[in-house]
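Whatever order the structure lists them in is the order used to number ligands and atoms, beginning at 1.
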Amino acid sequence: TAQYDVVSIRNDFPILGKQIHGKPLVYLDNAASSQHPVQVIDAIKELYESGYSNIHRGVHQLSQDATKAYEDARASVRGFINADCMHEVLFTSGTTDAINLVAQSYARPLLQKGDEILITHMEHHSNIVPWQMVCEQTGAELKVVPISDKGELEMDRFAELLSERTKLVSVVHVSNALGSVNPIKTIIDAAHAKGVPVLVDGAQSVPHIPVDVQALDCDFYAFSGHKLYGPTGIGVLYGKEKLLNAMPPYRGGGDMILSVSFEGTTYNTLPYKFEAGTPNIAGAIGLGAAIEYVQKIGLSAIAAHEHGLLEYATMELKQIDGLRIIGEADQKAGLVSFVLDTVHPHDIGTMLDAEGVAIRTGHHCAQPVMERYKIPATARASFGMYNTFQEIDVLAKAIDKTIGMFA
Ligand code: PMP
(Lines give C-alpha, C1' and ligand atoms only; values in the text may rest on other atoms or scores of the structure.)
Protein backbone atom coordinates (compact mmCIF):
# COMPACT_ATOMS: atom_id res chain seq x y z
CA THR A 1 0.00 0.00 0.00
CA ALA A 2 1.10 3.55 -0.74
CA GLN A 3 2.57 5.63 2.07
CA TYR A 4 0.02 8.00 3.64
CA ASP A 5 1.42 11.33 2.52
CA VAL A 6 0.15 13.73 5.18
CA VAL A 7 2.48 16.52 4.01
CA SER A 8 1.03 16.63 0.52
CA ILE A 9 -2.50 16.41 1.94
CA ARG A 10 -1.75 19.39 4.20
CA ASN A 11 -0.49 21.34 1.20
CA ASP A 12 -3.95 21.05 -0.33
CA PHE A 13 -5.51 22.90 2.63
CA PRO A 14 -4.54 26.59 2.43
CA ILE A 15 -5.80 27.46 5.92
CA LEU A 16 -3.45 24.96 7.57
CA GLY A 17 -0.54 27.28 6.75
CA LYS A 18 -2.03 30.02 8.90
CA GLN A 19 -0.47 31.37 12.09
CA ILE A 20 -2.67 31.96 15.15
CA HIS A 21 -1.28 34.33 17.81
CA GLY A 22 2.09 33.94 16.08
CA LYS A 23 2.02 30.12 16.37
CA PRO A 24 1.38 27.59 13.60
CA LEU A 25 -2.29 26.63 13.57
CA VAL A 26 -2.97 23.18 15.04
CA TYR A 27 -6.53 22.51 13.96
CA LEU A 28 -8.13 19.92 16.22
CA ASP A 29 -11.78 20.96 15.91
CA ASN A 30 -12.71 18.72 13.01
CA ALA A 31 -15.75 17.22 14.72
CA ALA A 32 -17.33 20.68 14.75
CA SER A 33 -16.32 21.44 11.17
CA SER A 34 -13.39 20.44 9.00
CA GLN A 35 -11.29 22.60 6.67
CA HIS A 36 -11.37 22.70 2.87
CA PRO A 37 -8.87 21.54 0.25
CA VAL A 38 -8.24 23.78 -2.78
CA GLN A 39 -10.11 21.22 -4.86
CA VAL A 40 -13.33 22.13 -3.02
CA ILE A 41 -12.62 25.87 -3.01
CA ASP A 42 -11.79 25.76 -6.74
CA ALA A 43 -14.95 23.83 -7.62
CA ILE A 44 -17.07 26.54 -5.97
CA LYS A 45 -14.98 29.34 -7.52
CA GLU A 46 -15.23 27.78 -10.94
CA LEU A 47 -19.00 27.45 -10.63
CA TYR A 48 -19.45 31.12 -9.78
CA GLU A 49 -16.88 32.30 -12.33
CA SER A 50 -17.99 30.30 -15.31
CA GLY A 51 -20.80 27.83 -14.78
CA TYR A 52 -23.42 29.33 -12.52
CA SER A 53 -27.15 29.53 -13.09
CA ASN A 54 -30.29 28.24 -11.45
CA ILE A 55 -30.83 24.58 -12.22
CA HIS A 56 -33.45 22.14 -13.54
CA ARG A 57 -35.72 24.55 -15.38
CA GLY A 58 -33.50 26.33 -17.85
CA VAL A 59 -33.06 25.55 -21.52
CA HIS A 60 -30.03 27.79 -21.75
CA GLN A 61 -26.51 26.40 -21.67
CA LEU A 62 -25.47 27.71 -18.24
CA SER A 63 -28.53 26.23 -16.59
CA GLN A 64 -27.86 22.90 -18.22
CA ASP A 65 -24.21 23.01 -17.11
CA ALA A 66 -25.15 23.88 -13.52
CA THR A 67 -27.84 21.18 -13.50
CA LYS A 68 -25.32 18.61 -14.69
CA ALA A 69 -22.79 19.66 -12.04
CA TYR A 70 -25.46 19.46 -9.31
CA GLU A 71 -26.64 16.02 -10.42
CA ASP A 72 -23.03 14.84 -10.82
CA ALA A 73 -22.57 15.76 -7.15
CA ARG A 74 -25.57 13.59 -6.30
CA ALA A 75 -23.94 10.76 -8.25
CA SER A 76 -20.75 11.24 -6.21
CA VAL A 77 -22.74 10.96 -2.97
CA ARG A 78 -24.52 7.85 -4.26
CA GLY A 79 -21.20 6.16 -4.98
CA PHE A 80 -19.67 7.33 -1.71
CA ILE A 81 -22.31 5.67 0.47
CA ASN A 82 -23.18 2.98 -2.09
CA ALA A 83 -26.86 3.89 -2.33
CA ASP A 84 -28.72 1.71 -4.80
CA CYS A 85 -29.87 4.63 -6.95
CA MET A 86 -29.54 8.40 -7.37
CA HIS A 87 -33.07 9.21 -6.26
CA GLU A 88 -32.46 7.73 -2.83
CA VAL A 89 -30.01 10.59 -2.24
CA LEU A 90 -31.70 13.80 -1.08
CA PHE A 91 -29.81 17.02 -0.62
CA THR A 92 -30.69 18.77 2.63
CA SER A 93 -29.11 21.69 4.45
CA GLY A 94 -27.37 19.31 6.86
CA THR A 95 -27.81 16.47 9.31
CA THR A 96 -30.22 18.50 11.43
CA ASP A 97 -32.43 19.23 8.43
CA ALA A 98 -32.32 15.58 7.34
CA ILE A 99 -33.42 14.29 10.75
CA ASN A 100 -36.22 16.87 10.95
CA LEU A 101 -37.37 15.73 7.51
CA VAL A 102 -37.69 12.13 8.69
CA ALA A 103 -39.35 13.19 11.96
CA GLN A 104 -42.00 15.29 10.22
CA SER A 105 -42.50 13.43 6.98
CA TYR A 106 -41.98 9.80 7.99
CA ALA A 107 -42.78 9.66 11.70
CA ARG A 108 -45.43 12.29 12.25
CA PRO A 109 -48.12 10.81 9.96
CA LEU A 110 -47.47 7.37 11.42
CA LEU A 111 -47.23 7.97 15.15
CA GLN A 112 -50.09 7.55 17.57
CA LYS A 113 -50.47 7.70 21.31
CA GLY A 114 -48.72 4.69 22.81
CA ASP A 115 -46.12 4.47 20.03
CA GLU A 116 -42.44 4.93 20.80
CA ILE A 117 -39.33 6.35 19.18
CA LEU A 118 -36.11 4.81 20.46
CA ILE A 119 -32.92 6.89 20.63
CA THR A 120 -29.83 6.73 22.86
CA HIS A 121 -28.31 8.74 25.68
CA MET A 122 -25.37 9.78 23.48
CA GLU A 123 -27.32 11.60 20.79
CA HIS A 124 -26.53 15.09 19.56
CA HIS A 125 -29.38 17.52 20.28
CA SER A 126 -30.31 17.31 16.60
CA ASN A 127 -31.21 13.65 17.11
CA ILE A 128 -33.19 14.40 20.27
CA VAL A 129 -35.21 17.58 19.80
CA PRO A 130 -36.90 16.68 16.47
CA TRP A 131 -38.20 13.50 18.17
CA GLN A 132 -39.37 15.41 21.24
CA MET A 133 -41.25 17.74 18.90
CA VAL A 134 -42.91 14.93 16.97
CA CYS A 135 -43.78 13.15 20.22
CA GLU A 136 -45.46 16.31 21.45
CA GLN A 137 -47.36 16.56 18.17
CA THR A 138 -48.57 12.95 18.21
CA GLY A 139 -48.65 11.75 21.81
CA ALA A 140 -45.91 9.21 21.13
CA GLU A 141 -43.17 8.62 23.69
CA LEU A 142 -39.39 8.95 23.48
CA LYS A 143 -37.34 6.06 24.91
CA VAL A 144 -33.63 6.29 25.57
CA VAL A 145 -30.98 3.55 25.55
CA PRO A 146 -28.53 4.20 28.42
CA ILE A 147 -24.74 4.30 28.11
CA SER A 148 -22.12 2.66 30.29
CA ASP A 149 -19.36 4.42 32.22
CA LYS A 150 -17.01 3.56 29.36
CA GLY A 151 -19.26 5.33 26.88
CA GLU A 152 -20.77 2.31 25.16
CA LEU A 153 -24.45 1.65 24.52
CA GLU A 154 -26.01 -0.80 26.96
CA MET A 155 -27.08 -3.30 24.34
CA ASP A 156 -29.07 -5.50 26.71
CA ARG A 157 -31.15 -2.45 27.59
CA PHE A 158 -31.53 -1.70 23.89
CA ALA A 159 -32.93 -5.20 23.37
CA GLU A 160 -35.40 -4.67 26.22
CA LEU A 161 -36.50 -1.23 25.04
CA LEU A 162 -37.08 -2.38 21.45
CA SER A 163 -40.71 -3.49 21.42
CA GLU A 164 -43.85 -3.72 19.33
CA ARG A 165 -44.50 -0.12 20.37
CA THR A 166 -41.25 1.07 18.75
CA LYS A 167 -41.95 2.75 15.43
CA LEU A 168 -38.43 3.97 14.66
CA VAL A 169 -34.92 3.64 16.06
CA SER A 170 -32.71 6.69 15.55
CA VAL A 171 -29.10 6.27 16.60
CA VAL A 172 -25.80 8.02 16.15
CA HIS A 173 -23.08 6.06 14.33
CA VAL A 174 -20.14 7.89 15.95
CA SER A 175 -20.69 10.04 19.05
CA ASN A 176 -19.44 13.61 18.67
CA ALA A 177 -19.03 13.95 22.45
CA LEU A 178 -17.36 10.61 23.29
CA GLY A 179 -15.99 9.29 20.01
CA SER A 180 -17.72 5.92 20.54
CA VAL A 181 -18.43 3.95 17.37
CA ASN A 182 -21.77 2.25 17.91
CA PRO A 183 -22.56 -1.30 16.72
CA ILE A 184 -25.13 -0.03 14.24
CA LYS A 185 -25.23 -3.18 12.13
CA THR A 186 -26.28 -5.15 15.21
CA ILE A 187 -28.83 -2.46 16.07
CA ILE A 188 -30.24 -2.40 12.54
CA ASP A 189 -30.53 -6.19 12.37
CA ALA A 190 -32.24 -6.38 15.77
CA ALA A 191 -34.68 -3.60 14.85
CA HIS A 192 -35.47 -5.16 11.48
CA ALA A 193 -36.17 -8.49 13.15
CA LYS A 194 -39.06 -6.64 14.83
CA GLY A 195 -40.03 -4.75 11.66
CA VAL A 196 -38.69 -1.43 12.97
CA PRO A 197 -36.86 0.93 10.58
CA VAL A 198 -33.60 2.63 11.62
CA LEU A 199 -32.23 6.11 11.00
CA VAL A 200 -28.49 6.49 11.44
CA ASP A 201 -26.99 9.89 12.31
CA GLY A 202 -23.79 9.71 10.31
CA ALA A 203 -22.55 13.27 10.88
CA GLN A 204 -19.39 12.02 12.62
CA SER A 205 -18.92 8.76 10.73
CA VAL A 206 -18.72 9.57 7.02
CA PRO A 207 -15.46 11.56 7.39
CA HIS A 208 -13.78 8.74 9.31
CA ILE A 209 -15.04 5.29 8.36
CA PRO A 210 -16.25 3.75 5.10
CA VAL A 211 -20.06 3.62 5.01
CA ASP A 212 -22.10 1.33 2.77
CA VAL A 213 -25.81 1.93 3.29
CA GLN A 214 -26.78 -1.24 1.43
CA ALA A 215 -24.46 -3.43 3.49
CA LEU A 216 -25.77 -1.78 6.67
CA ASP A 217 -29.33 -2.07 5.36
CA CYS A 218 -30.23 1.14 7.25
CA ASP A 219 -33.48 2.80 6.26
CA PHE A 220 -32.25 6.38 6.57
CA TYR A 221 -28.72 7.78 6.85
CA ALA A 222 -28.03 11.46 7.50
CA PHE A 223 -24.82 13.50 7.27
CA SER A 224 -23.44 17.02 6.76
CA GLY A 225 -21.04 18.34 4.13
CA HIS A 226 -19.09 20.61 6.45
CA LYS A 227 -17.61 17.80 8.55
CA LEU A 228 -16.50 16.04 5.38
CA TYR A 229 -14.18 18.79 4.08
CA GLY A 230 -17.12 20.29 2.16
CA PRO A 231 -19.17 23.47 2.52
CA THR A 232 -21.70 24.41 5.20
CA GLY A 233 -25.42 24.48 4.45
CA ILE A 234 -25.39 21.21 2.53
CA GLY A 235 -26.09 17.72 3.77
CA VAL A 236 -27.59 14.44 2.72
CA LEU A 237 -30.47 12.26 3.65
CA TYR A 238 -30.25 8.77 2.22
CA GLY A 239 -33.55 6.92 2.38
CA LYS A 240 -34.80 3.64 0.99
CA GLU A 241 -36.88 4.28 -2.11
CA LYS A 242 -39.90 2.43 -0.76
CA LEU A 243 -40.04 4.58 2.37
CA LEU A 244 -39.33 7.88 0.60
CA ASN A 245 -42.00 7.20 -2.01
CA ALA A 246 -44.63 6.65 0.67
CA MET A 247 -43.70 9.82 2.58
CA PRO A 248 -45.46 13.15 1.98
CA PRO A 249 -43.27 16.12 1.03
CA TYR A 250 -41.62 17.94 3.91
CA ARG A 251 -41.77 21.41 2.40
CA GLY A 252 -43.88 22.82 -0.39
CA GLY A 253 -42.72 25.10 -3.16
CA GLY A 254 -41.04 25.19 -6.53
CA ASP A 255 -39.27 22.17 -8.01
CA MET A 256 -41.05 19.66 -5.76
CA ILE A 257 -44.21 19.63 -7.92
CA LEU A 258 -45.27 18.23 -11.28
CA SER A 259 -48.21 20.58 -11.64
CA VAL A 260 -49.91 23.15 -9.48
CA SER A 261 -53.45 24.41 -9.71
CA PHE A 262 -55.87 25.75 -7.14
CA GLU A 263 -57.84 22.50 -7.48
CA GLY A 264 -54.82 20.51 -6.40
CA THR A 265 -51.14 19.92 -6.83
CA THR A 266 -49.30 16.80 -7.90
CA TYR A 267 -45.88 16.16 -6.45
CA ASN A 268 -42.67 15.53 -8.31
CA THR A 269 -40.87 12.20 -8.24
CA LEU A 270 -37.88 11.40 -6.03
CA PRO A 271 -35.59 13.05 -5.14
CA TYR A 272 -37.17 16.37 -6.22
CA LYS A 273 -40.29 15.82 -4.10
CA PHE A 274 -38.07 16.59 -1.10
CA GLU A 275 -36.02 19.42 -2.61
CA ALA A 276 -38.43 22.36 -2.62
CA GLY A 277 -37.11 25.70 -3.81
CA THR A 278 -33.74 26.63 -5.26
CA PRO A 279 -31.30 24.31 -3.54
CA ASN A 280 -27.77 24.99 -2.30
CA ILE A 281 -26.26 24.50 -5.76
CA ALA A 282 -22.73 25.59 -4.87
CA GLY A 283 -22.89 23.61 -1.63
CA ALA A 284 -23.80 20.40 -3.42
CA ILE A 285 -21.07 20.91 -6.01
CA GLY A 286 -18.55 21.66 -3.25
CA LEU A 287 -19.63 18.51 -1.42
CA GLY A 288 -19.19 16.51 -4.61
CA ALA A 289 -15.64 17.83 -4.90
CA ALA A 290 -14.97 17.01 -1.23
CA ILE A 291 -16.15 13.45 -1.72
CA GLU A 292 -13.94 13.04 -4.78
CA TYR A 293 -11.01 14.32 -2.73
CA VAL A 294 -11.70 11.95 0.16
CA GLN A 295 -12.12 9.03 -2.23
CA LYS A 296 -8.84 9.79 -3.95
CA ILE A 297 -7.02 9.42 -0.63
CA GLY A 298 -9.29 6.58 0.42
CA LEU A 299 -11.35 6.28 3.58
CA SER A 300 -9.52 3.16 4.73
CA ALA A 301 -6.21 5.02 4.58
CA ILE A 302 -7.75 8.02 6.36
CA ALA A 303 -9.29 5.76 9.01
CA ALA A 304 -5.96 4.02 9.62
CA HIS A 305 -4.10 7.33 9.92
CA GLU A 306 -6.66 8.81 12.30
CA HIS A 307 -6.69 5.65 14.37
CA GLY A 308 -2.95 6.04 14.81
CA LEU A 309 -3.49 9.64 15.91
CA LEU A 310 -6.18 8.54 18.35
CA GLU A 311 -3.98 5.88 19.94
CA TYR A 312 -1.06 8.25 20.19
CA ALA A 313 -3.15 11.09 21.65
CA THR A 314 -4.81 8.74 24.14
CA MET A 315 -1.41 7.50 25.29
CA GLU A 316 0.06 11.02 25.55
CA LEU A 317 -2.93 12.52 27.34
CA LYS A 318 -3.18 9.64 29.80
CA GLN A 319 0.31 10.48 31.01
CA ILE A 320 -0.86 13.92 32.12
CA ASP A 321 -1.60 14.07 35.86
CA GLY A 322 -5.10 15.33 36.64
CA LEU A 323 -6.42 14.67 33.14
CA ARG A 324 -9.39 12.36 32.72
CA ILE A 325 -10.58 11.10 29.35
CA ILE A 326 -14.38 11.00 29.01
CA GLY A 327 -15.43 8.13 26.78
CA GLU A 328 -13.21 5.07 26.52
CA ALA A 329 -15.26 2.82 24.29
CA ASP A 330 -13.43 -0.15 22.76
CA GLN A 331 -14.44 1.13 19.33
CA LYS A 332 -13.62 4.80 18.94
CA ALA A 333 -13.16 7.24 16.08
CA GLY A 334 -10.61 10.05 16.11
CA LEU A 335 -11.53 12.31 18.97
CA VAL A 336 -10.60 12.66 22.62
CA SER A 337 -12.90 14.37 25.12
CA PHE A 338 -11.25 15.20 28.44
CA VAL A 339 -11.49 17.20 31.63
CA LEU A 340 -8.80 18.48 33.98
CA ASP A 341 -9.05 18.42 37.77
CA THR A 342 -7.87 21.97 38.15
CA VAL A 343 -8.90 23.88 35.01
CA HIS A 344 -12.39 24.53 33.63
CA PRO A 345 -12.81 23.35 30.01
CA HIS A 346 -13.46 26.89 28.83
CA ASP A 347 -10.12 28.02 30.26
CA ILE A 348 -8.39 25.05 28.65
CA GLY A 349 -9.79 26.19 25.30
CA THR A 350 -8.57 29.75 25.80
CA MET A 351 -5.11 28.66 26.95
CA LEU A 352 -4.72 26.26 24.04
CA ASP A 353 -5.83 28.93 21.59
CA ALA A 354 -2.94 31.09 22.77
CA GLU A 355 -0.67 28.23 21.64
CA GLY A 356 -2.34 28.08 18.22
CA VAL A 357 -4.26 24.93 19.13
CA ALA A 358 -7.95 24.97 18.13
CA ILE A 359 -10.12 22.59 20.13
CA ARG A 360 -13.77 22.77 21.18
CA THR A 361 -14.98 23.14 24.73
CA GLY A 362 -18.51 22.91 26.05
CA HIS A 363 -21.32 20.39 26.03
CA HIS A 364 -20.94 19.69 22.27
CA CYS A 365 -24.72 19.86 21.77
CA ALA A 366 -24.96 16.68 23.83
CA GLN A 367 -26.07 17.92 27.24
CA PRO A 368 -27.47 14.51 28.29
CA VAL A 369 -23.96 13.07 27.87
CA MET A 370 -22.56 15.74 30.20
CA GLU A 371 -25.34 15.02 32.71
CA ARG A 372 -24.56 11.28 32.44
CA TYR A 373 -20.94 11.85 33.50
CA LYS A 374 -21.83 14.66 35.93
CA ILE A 375 -19.61 17.23 34.26
CA PRO A 376 -20.60 20.63 32.86
CA ALA A 377 -18.46 20.38 29.76
CA THR A 378 -15.42 18.74 28.22
CA ALA A 379 -12.47 19.85 26.15
CA ARG A 380 -12.47 17.94 22.87
CA ALA A 381 -9.64 17.42 20.42
CA SER A 382 -10.92 15.89 17.19
CA PHE A 383 -8.76 14.73 14.32
CA GLY A 384 -8.96 14.96 10.57
CA MET A 385 -7.06 13.41 7.70
CA TYR A 386 -4.45 16.19 7.75
CA ASN A 387 -3.46 16.08 11.42
CA THR A 388 -0.01 14.89 12.41
CA PHE A 389 1.62 13.14 15.36
CA GLN A 390 3.69 16.24 15.92
CA GLU A 391 0.49 18.25 16.36
CA ILE A 392 -0.54 15.84 19.13
CA ASP A 393 2.77 16.63 20.84
CA VAL A 394 1.94 20.34 20.60
CA LEU A 395 -1.49 19.63 22.11
CA ALA A 396 -0.04 17.64 25.01
CA LYS A 397 2.59 20.31 25.72
CA ALA A 398 -0.05 23.05 25.64
CA ILE A 399 -2.18 21.11 28.14
CA ASP A 400 0.86 20.66 30.41
CA LYS A 401 1.55 24.38 30.21
CA THR A 402 -2.10 25.15 31.01
CA ILE A 403 -2.01 22.96 34.11
CA GLY A 404 1.19 24.69 35.19
CA MET A 405 -0.37 28.15 34.81
CA PHE A 406 -3.38 27.17 36.94
CA ALA A 407 -1.38 25.33 39.62
N1 PMP B 1 -25.17 14.73 14.82
C2 PMP B 1 -23.90 14.70 15.25
C3 PMP B 1 -23.36 13.44 15.86
C4 PMP B 1 -23.10 15.84 15.13
O5 PMP B 1 -21.85 15.81 15.55
C6 PMP B 1 -23.65 17.00 14.54
C7 PMP B 1 -22.83 18.27 14.40
N8 PMP B 1 -22.09 18.63 15.54
C9 PMP B 1 -24.97 16.97 14.10
C10 PMP B 1 -25.69 15.82 14.25
C11 PMP B 1 -25.64 18.16 13.49
O12 PMP B 1 -25.05 18.48 12.26
P13 PMP B 1 -25.40 19.86 11.55
O14 PMP B 1 -25.19 20.93 12.58
O15 PMP B 1 -24.41 19.94 10.44
O16 PMP B 1 -26.80 19.78 11.08
Side-chain angles (χ1 to χ4, degrees), residues 27-36 77 81 90-104 117 119-133 144-145 147 151-153 169-182 184 187 198-209 211 218 220-238 250 279-280 283-284 286-287 290-291 306 326-327 329 331-337 358-370 372 377-384:
Y27 190 76
L28 299 175
D29 195 18
N30 295 284
S33 211
S34 51
Q35 300 296 348
H36 307 84
V77 175
I81 57 172
L90 314 182
F91 283 122
T92 66
S93 71
T95 307
T96 304
D97 190 35
I99 296 172
N100 277 278
L101 191 163
V102 177
Q104 290 301 314
I117 299 284
I119 62 168
T120 83
H121 206 125
M122 69 170 84
E123 300 307 321
H124 186 279
H125 294 164
S126 71
N127 199 26
I128 302 174
V129 183
W131 305 115
Q132 290 176 325
M133 289 166 68
V144 182
V145 179
I147 43 183
E152 293 172 340
L153 292 178
V169 173
S170 193
V171 59
V172 71
H173 194 169
V174 174
S175 159
N176 69 310
L178 302 168
S180 322
V181 181
N182 289 321
I184 52 164
I187 290 171
V198 180
L199 184 159
V200 180
D201 171 355
Q204 296 292 346
S205 43
V206 287
H208 307 297
I209 40 187
V211 169
C218 56
F220 299 104
Y221 200 97
F223 65 93
S224 301
H226 68 96
K227 298 179 198 278
L228 186 60
Y229 312 100
T232 54
I234 189 77
V236 169
L237 176 67
Y238 158 82
Y250 175 43
N280 185 349
L287 174 57
I291 285 174
E306 291 176 349
I326 305 295
Q331 301 293 324
K332 259 183 93 168
L335 71 83
V336 186
S337 251
I359 61 157
R360 184 136 305 230
T361 60
H363 55 60
H364 316 295
C365 291
Q367 283 183 345
V369 174
M370 303 300 121
R372 166 67 179 77
T378 74
R380 180 188 71 188
S382 54
F383 314 123

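For R360, the CZ atom counts as loosely surrounded, since its 6.0 Å shell holds 12 or fewer non-hydrogen atoms of other residues, nucleotides or ligands.
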From CA spacing to verdict: side-chain contact (heavy atoms from CB on, under 4.5 Å), H364, M370 = CA-CA 9 Å; H364 316 295; M370 303 300 121; 4.0 Å; yes
Residues V336, R380; criterion side-chain contact (heavy atoms from CB on, under 4.5 Å); working and verdict | CA-CA 6 Å; V336 186; R380 180 188 71 188; over 6 Å; no
Go through the steps for N30 and S382 under the test side chain to side chain donor-acceptor pair (under 3.5 Å), then give the verdict.
-> CA-CA 5 Å; N30 295 284; S382 54; 4.9 Å; no
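Atoms of ligand 1 lying under 4.0 Å from any heavy atom of S126, numbered from 1 in the order shown and given with element: 1 (N), 9 (C), 10 (C), 11 (C). Interface of S224 with ligand 1, defined as ligand atoms under 4.0 Å from a residue heavy atom, comprises 12 (O), 13 (P), 15 (O), 16 (O). Those atoms of ligand 1 that come under 4.0 Å of a heavy atom in V172, given as number and element, are 3 (C). Using a 4.0 Å cut-off to heavy atoms of A203, the atoms of ligand 1 that qualify are 1 (N), 2 (C), 4 (C), 6 (C), 9 (C), 10 (C).
Residues V129 and T96 have side chains not in contact (no heavy-atom distance under 4.5 Å, counting atoms from C-beta outward). In this structure, the side chains of V77 and L287 come closer than 4.5 Å at one or more pairs of heavy atoms.
For atom 14 (O) of ligand 1, the closest non-hydrogen atom on the protein side is T96 OG1, 3.7 Å. For atom 8 (N) of ligand 1, the nearest protein heavy atom (residue, atom name, distance) is K227 NZ, 2.7 Å. Atom 5 (O) of ligand 1 has as its closest protein heavy atom Q204 NE2, 2.7 Å. From the protein, the heavy atom lying nearest to atom 4 (C) of ligand 1 is H124 CD2, 3.4 Å.
Ring centroids of H363 and H125 are separated by less than 6.0 Å, placing the two rings close together.
The backbone N or O of P130 sits nowhere less than 3.5 Å from a side-chain atom of N100 that would complete a donor-acceptor pair.
Nearest-residue assignment for atom 2 (C) of ligand 1 (options D97, T95, D201, I99; heavy-atom criterion): D201.
Under 4.0 angstrom from ligand 1, the non-hydrogen atoms of H226 all belong to its side chain.
Not a single heavy atom of H125 sits less than 4.0 Å from an atom of ligand 1.
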